[in-house]
Protein chains: 2
Amino acid sequence: MKKDDSTEEKILAAARKVFTAKGMAGARMQDIADEAGINKALLHYYFRNKEQLFENIFKKLSQGFWQQISQVFDSEEALFKKIESFCSMYIEKVIHNPYIPLFIMHELNQRPVNFVKKMFNDNPPNPNRLVMQIQAEVKAGNIRPIAPQQLIMNMISMCVLPFIGKPMFMSVMNVDEKTFNDLMQKRKTEVPEFIINSIKK
Amino acid sequence: MKKDDSTEEKILAAARKVFTAKGMAGARMQDIADEAGINKALLHYYFRNKEQLFENIFKKLSQGFWQQISQVFDSEEALFKKIESFCSMYIEKVIHNPYIPLFIMHELNQRPVNFVKKMFNDNPPNPNRLVMQIQAEVKAGNIRPIAPQQLIMNMISMCVLPFIGKPMFMSVMNVDEKTFNDLMQKRKTEVPEFIINSIKK
DNA sequence: ATATAGTTTAACCAAATGGTTAACAAAAGT
DNA sequence: ACTTTTGTTAACCATTTGGTTAAACTATAT
């Protein structure tokens, strides 16, 4: 029935690329059509309008991204091991999808809180296993006292911000693409080491 | 000669508000005019076009932001004290300007590298005093070995990312505005403590 | 007072942009 | 074969949006 079975996928791939690079407001439907190599009207044939195409991409990306996080948070690993797993997994992921975090956070900041809540409330139970683990280790005296929320924010921050601020960091540290990538590779072990050094007794 | 001496300032304040909230692509000239309470044509009378108005705002914000950072970096304080100063100063600043970092990073990511370089290359000398301080303390054996660039990225990351990701954090941690603000206030001492605990011997 | 220069506005314009339509092409059903 | 359904396109449309213009208004200088 279909002439080319992957047209819808081509559109989705193109939309993802354009939206994540330019944001909803900066993306042009024509850009997406060009990127997909199709006529602009086809976009509206497969997806009613820009808003729906955007939501399709955005929901998938933000939920997928968060799902991967909470999967590690809820795993059975011990705390220190889990910190190592999370940082290396997450940094590795962002190395290969450097635009996603900034895209998600920029768009979340454009939308009302109830929209944001709807996006995350379903899947990730809170307090999750990681929060309880941290509380337990503090209570047991195995790590120094720290609020789980603060520790988790610290961890996520160090994993993700260097990518969001990549242009700034590259410019002010005066490093080229290759050097920057080397720094990020090293962070996969550097960040967990930094965290564990801070909380261990 | 001028009817209202502060018209230009009203425009700049309005433009700053709209641009930082919606970004260059999402901002409408009409929005800025409405926010300033003036006719749209006046925008073009004081600033030739959207691009120039944007550049005016963007340059001031990004350079000012970076200047404040490098000012602390280059101060005469001892390392640990400097880390404390930076974190409390920076978090305090972002509490009162929560949109700025995300705005700057989003816009920097939309522009070519040479544009970014032009924006930062002038003022902040690199390697700056903070880099040299870290190297010296490592060499003297006063702190554990760490690359200055990694430590500085860690510090900036923990100070700024919670604000960039505020909607996400509020939603997944299920906290309200007040609780979030409390968390951020505590970070002014929590983050430097976290860093110093990690690097001290 | 009147001219002059600077300021502000309503109305307008052209280009860009999201979206529609009608016709055409390709598959699938019969 | 041929009818129907699905996929694709070029041309078109309506609205939005950045930007202009000409006239009106205000303050100052003469």
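These numbers were taken from a predicted model, which means no experiment stands behind them. Any value given below was found using the heavy atoms of this structure, including those in side chains, with hydrogens, waters and symmetry copies removed.
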Roughly, in whole Å, what's the span from CG in A:Leu43 to P in D:dA10?
-> 13 Å
Rounded to the Å, how far apart are A:Ile32 CD1 and C:dG19 C1'?
-> 14 Å
Report which part of the nucleic acid B:Asn39 touches: base, sugar-phosphate, or nothing (heavy-atom distance under 4.0 Å, all strands).
-> base
Can you find an N or O donor on one side and an acceptor on the other, under 3.5 Å apart, linking the side chain of B:Lys40 with the base of D:dG19?
-> yes
Atom of A:Glu107, atom of A:Gly23 and distance for their closest heavy-atom approach = OE2-CA, 3.4 Å
Do any side-chain nitrogens or oxygens of B:Tyr46 fall under 4.0 Å of OP1 or OP2 in C:dT8?
-> yes
Under 4.0 Å: is that the gap between some side-chain N or O of A:Arg28 and OP1 or OP2 of C:dA16?
-> no
Looking only at non-hydrogen atoms, find the nearest pair between B:Asp31 and B:Lys22 and report the distance.
-> OD2-NZ, 3.4 Å
Could you state the CZ-C1' distance from A:Phe54 to C:dG18, rounded to the nearest angstrom?
-> 16 Å
What nucleic acid atoms does A:Ala27 come within less than 4.0 Å of, heavy atoms only: base, sugar-phosphate, or nothing?
-> sugar-phosphate
Of the candidate nucleotides C:dT20, C:dG6, D:dG19, which contains the atom at the shortest distance from the side chain of B:His44?
-> D:dG19
Establish, with yes or no, whether the OP1 or OP2 oxygen of C:dT7 is under 4.0 angstrom from a side-chain nitrogen or oxygen of B:Thr7.
-> no
Of the non-hydrogen atoms in A:Pro98 and A:Pro101, which two are nearest, and what is the gap between them?
-> O-CD, 3.7 Å
Is any NZ, NE, NH1 or NH2 atom of the basic residue among B:Glu76 and B:Arg129 found under 4.0 Å from an Asp or Glu carboxylate oxygen of the other?
-> yes
Whole-Å distance between C:dC12 P and B:Gln30 CD?
-> 16 Å
Distance, rounded to the nearest Å, where A:Glu8 contributes CD and D:dT6 contributes C1' = 13 Å
Would a 4.5 Å heavy-atom cut-off, applied to side chains only, mark A:Phe47 and A:Leu43 as touching?
-> no
Consider the side chain of A:Met29, meaning its heavy atoms from C-beta on, and name the nucleotide among C:dT7, D:dT6, C:dG19 that approaches it most closely.
-> C:dG19
Considering only side-chain heavy atoms of B:Leu42, which listed nucleotide, D:dT8, D:dG19, C:dT9, is closest?
-> C:dT9
Rounded to whole Å, CZ of A:Phe19 lies from C1' of C:dG18 at a distance of 11 Å
Rounded to whole angstroms, how far apart are CE on B:Met24 and C1' on D:dG18?
-> 10 Å
For atom CG of A:Asp34 and atom P of D:dA10, their distance in whole Å = 12 Å
